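Since the structure is predicted, the reported quantities are computational estimates derived from the model, not experimental observations. Any value given below was found using the heavy atoms of this structure, including those in side chains, with hydrogens, waters and symmetry copies removed. Chain naming here is simple, since letters A, B, ... match the order of the sequence lines and numbering starts at 1 in each.
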Amino acid sequence: MIEGDPISRVLYIDLTRRRSWVEEQPELFKERLGGTGAAIELLHKECPPSVNPLGPENPIIFAVGQLNGVFPIASKMVAMFKSPLTGNLGESHGGGRSAVALRMAGYGALVIKGRSETPIYLSVHMDEVSFKDASVLWGMGSSATGRVIREREPKPGIRTIMRIGQAGERMVSYACVVTETYRHFGRLGLGAVFGSKKLKALVISGRRSFKFKDPRQYRVLYDEVFNALVTSPLMKKYHELGTSMNILPLNEMRALPTQNLAKSDFECADGISGETFAERYLGRRVACAHCPVSCIHIAAFRIPYETEPYFYKTKMISYDYELIYSLGAMLGVGTCEGILKLIEEVETLGLDAMSTGVSLAWATEMQQRGLITERETAGLKLQWGDYGVYLNAVKNIVGQPTEFYTALARGVDYASSKYGGEEFALAFGGNEMPGYHTGPAAYVGYLVGARHSHLDGAGYSVDEKFAKAGKHPTPEGVAEALIAEEKWRQILSSLVVCYFGRGVYTPEIVARAYNLLGYQLSCEDLVKIGAEILRSKYNFKCREGFDFGKLRIPTRIFKSPTPLGPVTEEFIRESIKHFKTILESAPEG
Amino acid sequence: MLILKANRLVVVDYDLCVGCQCCMFACTRRFAEAGLSRSTIHIKSAGGFERGFVVTVCKACSEPPCMKVCPTDALVFRKPGGVTLIPSKCIMCKNCVDACTVGAVFWDEEVNKPAICVYCGYCVGYCAYGVIKLQPVGEGEDRR
């Protein structure tokens with residue numbers, strides 16, 4: 001570690017006793033790098049076995065890595081907690097200014113423990129930690145909360161404002177934490193854990209720096225990475241149309257889950273494509289701190305007032321592929337207008353957009369099959385494409401006017417265990433599915449991944465590679481590819497770089513960066529550490545009840561063929577077994 | 001004293017700014033450091049990311065307010081515009097920070113002294129969107 005680098009400082013905050021302290025933990029950051037690696041060890045230490053995820057004993061761990069604030073596109077912060085959605089490991093990555101703010105405030109990690117009696121927000125401005133009353137903010141949407149805190153707190157430009165909406169306050173299991181309005185700690189319910197602690201928001205700022213021993217080499221490597229990010233064709237799609245460019249290709253290859261995956265292509269795909277959004281609505285592009293890519297696409301959406309002529313409200317709404325998939329295709333909503341309205345509602349309430357869309361898609365099919373009635377849906381007739389009805393249904397997930405919505409607020413896995421329809425309840429490992437019906441690797445990844453996300457092992461990418469090569473994957477081949485990718489992803493998420501930059505941050509570049517930071521780590525060392533971190537994550541998951549042998553697979557995924565042909569349960573179960581075997585043969589973590 | 005070219009940093013177009021802050025990190029890196037403490041360019045949202053960004057740079061004034069309020073003459077006029085800091089004379093009163101009309105005198109928390117732009121233009125090379133450029137003092141004005 002370079003002298004003066006504050007990475008090994010861990011800030012502890014106890015909400016119950018309203019006190020904070022700092023502990024130096026250099027070994028943690030040396031052995032586990034930071035980010036995911038450091039967070040999982042802190043979670044093992046701070047989270048007692050079998051705690052209620054919404055109880056005061058469940059800690060929130062935030063961690064950054066050695067590259068945050070030092071190299072470009074190292075712009076993510078990792079959150080770890082016990083997930084109220086899955087009951088095991090909750091891991092979520094967020095961007096905005098969160099990572100840079102924590103690193104520049106002079107910390108490698110932040111551990112929030114306990115529970116406040118009354119609504120509170122925390123502000124951390126370098127060494128100054130304050131507990132501030134948030135009674136008035138309780139009940140406010142995420143945008144209004146951000147606006148109030150923006151005016152009240154100092155250090156604009158170098159601060160992050162993380163907050164929850166009403167979904168978090170009401171502890172919806174897939175409530176998210178919104179940061180800088182357009183980025184999220186989206187998946188697995190961090191917002192609900194904030195809500196359970198009566199923690200409405202968290203502000204962090206800082207303006208530190210530290211000197212390099214070899215500044216020339218630092219600048220050389222920095223420029224190499226920066227230029228690659230700006231000029232590399234690998235980054236082009238993120239620069240221009242953004243992730244929403246995936247709509248048309250996925251639709252064409254029949255891999256776009258539509259209407260609760262009754263179909264894998266959508267007749268309205270052209271109307272909701274990245275191209276259509278850009279042409280008709282793209283109003284601004286923005287970036288996370290210390291990332292030149294600017295992948296965040298914001299629509300300028302003009303809504304006329306019905307009763308006042310020549311009056312409009314112009315909303316700026318962030319869109320991405322996963323939101324268009326989940327609140328668009330999955331619900332049969334085939335217009336940009338409908339999707340933008342739904343995104344805005346989901347954003348204000350502070351819900352995970354993907355879980356919300358998948359939950360409502362399941363509920364729609366339940367109602368259409370007569371398994372639930374308008375009594376359960378509080379009078380709503382859910383219908384594909386009817387975004388007006390879905391807007392009310394989204395509000396009901398948070399307001400919970402019926403027992404059905406209360407169940408739906410715990411995720412589709414739970415709701416289907418109570419009301420039936422498990423065969424088309426599209427949750428994997430307890431988490432609602434992402435938008436890739438690309439083949440078996442995607443589904444194995446969702447099922448076994450530490451976060452049950454398409455970003456665990458990048459199964460969709462494994463499928464696409466097999467499809468392009470015209471090859472049929474084997475269960476063993478899928479497991480091996482997923483685990484190899486996943487080991488390396490533990491390094492990227494420990495640094496913490498955005499996965500969009502994974503093509504630039506090769507093992508060789510990462511090893512060079514570490515050497516400049518004062519650590520002698522070879523590419524082999526890094527892969528070994530990645531395997532250890534992965535193992536440690538599964539130790540936590542299994543400790544909290546995750547079981548490779550008991551994963552529920554919704555049979556709906558076997559109905560629509562993927563670009564690699566039909567997926568079979570036998571293939572997936574076999575691949576999961578191999579994944580487990582390979583994982584258990586990895587070196588001890 | 002180091003003689004610097006009489007350039008200044010200007011903002012070409014605020015609307016092109018994506019808020020990545022790579023310029024801010026470049027500014028501190030020029031001094032062989034990683035971080036933000038020495039940065040003399042600042043990017044903040046114009047009241048939320050949805051409204052775009054405010055780019056704050058030293059205007060290289062011909063009559064710098066920061067210099068006028070310095071009780072120890074630690075800020076010296078740099079012809080034909082802007083100032084140079086003599087750190088040994090600074091008594092850390094922060095009068096200069098308060099006096100700068102556009103908020104372009106920053107505070108280096110690490111050394112507890114003002115951070116003053118030296119008009120080197122290093123940051124310009126890290127703006128992928130052409131928001132800022134270096135130009136001679138007096139050549140064109142920022143009218144935005």
A:Ala287 to B:Cys20 - nearest heavy-atom pair and separation: CB-CB, 3.7 Å

Exercise: identify the closest heavy-atom pair between B:Ala32 and A:Pro215: CB-CB, 3.3 Å

Please look at B:Phe31 and chain A and tell me whether the side chain, the backbone, both or neither of the residue comes under 4.5 angstrom of a heavy atom of that chain. backbone

Work out which heavy atom in B:Ile43 is nearest to a heavy atom in A:Arg97; give both atom names and the distance. O-NH2, 4.0 Å

Heaviest contributor of heavy-atom pairs below 4.5 Å to chain B, chosen from A:Val100, A:Ile2, A:Ile298, A:Asn68, is A:Val100

For B:Val18 against A:Arg285, the heavy-atom pair lying closest together: CG1-O, 3.4 Å

Taking every heavy atom of A:Phe226 against every heavy atom of B:Tyr126, the minimum-distance pair comes out as CZ-O, 3.3 Å

Crowded around B:Lys68 NZ? As in, over 12 foreign heavy atoms under 6.0 Å? yes

Tightest non-hydrogen contact, residues B:Tyr129 and A:Val293, listed as OH-O, 3.2 Å

Would you please classify the geometry between the A:His290 ring and the B:Phe25 ring as parallel, tilted or perpendicular, with 30° and 60° separating the classes? parallel

Max heavy-atom pairs within cutoff under 4.5 Å with chain A, candidates B:Ala128, B:Gly125, B:Ser39, B:Cys127, goes to B:Ser39

Between B:Glu33 and A:Phe210, is the side-chain contact (heavy atoms from CB on, under 4.5 Å) condition met? List the steps. CA-CA 5 Å; B:Glu33 293 184 24; A:Phe210 57 90; over 6 Å; no

Using the side chain to side chain contact (heavy atoms under 4.5 Å, CB included) definition, which of the options A:Lys211, A:Arg208, A:Arg207 pairs with B:Glu110? A:Arg208

With chain A, the option among B:Glu50, B:Met24, B:His42 that has the most non-hydrogen atom pairs under 4.5 Å is B:Glu50

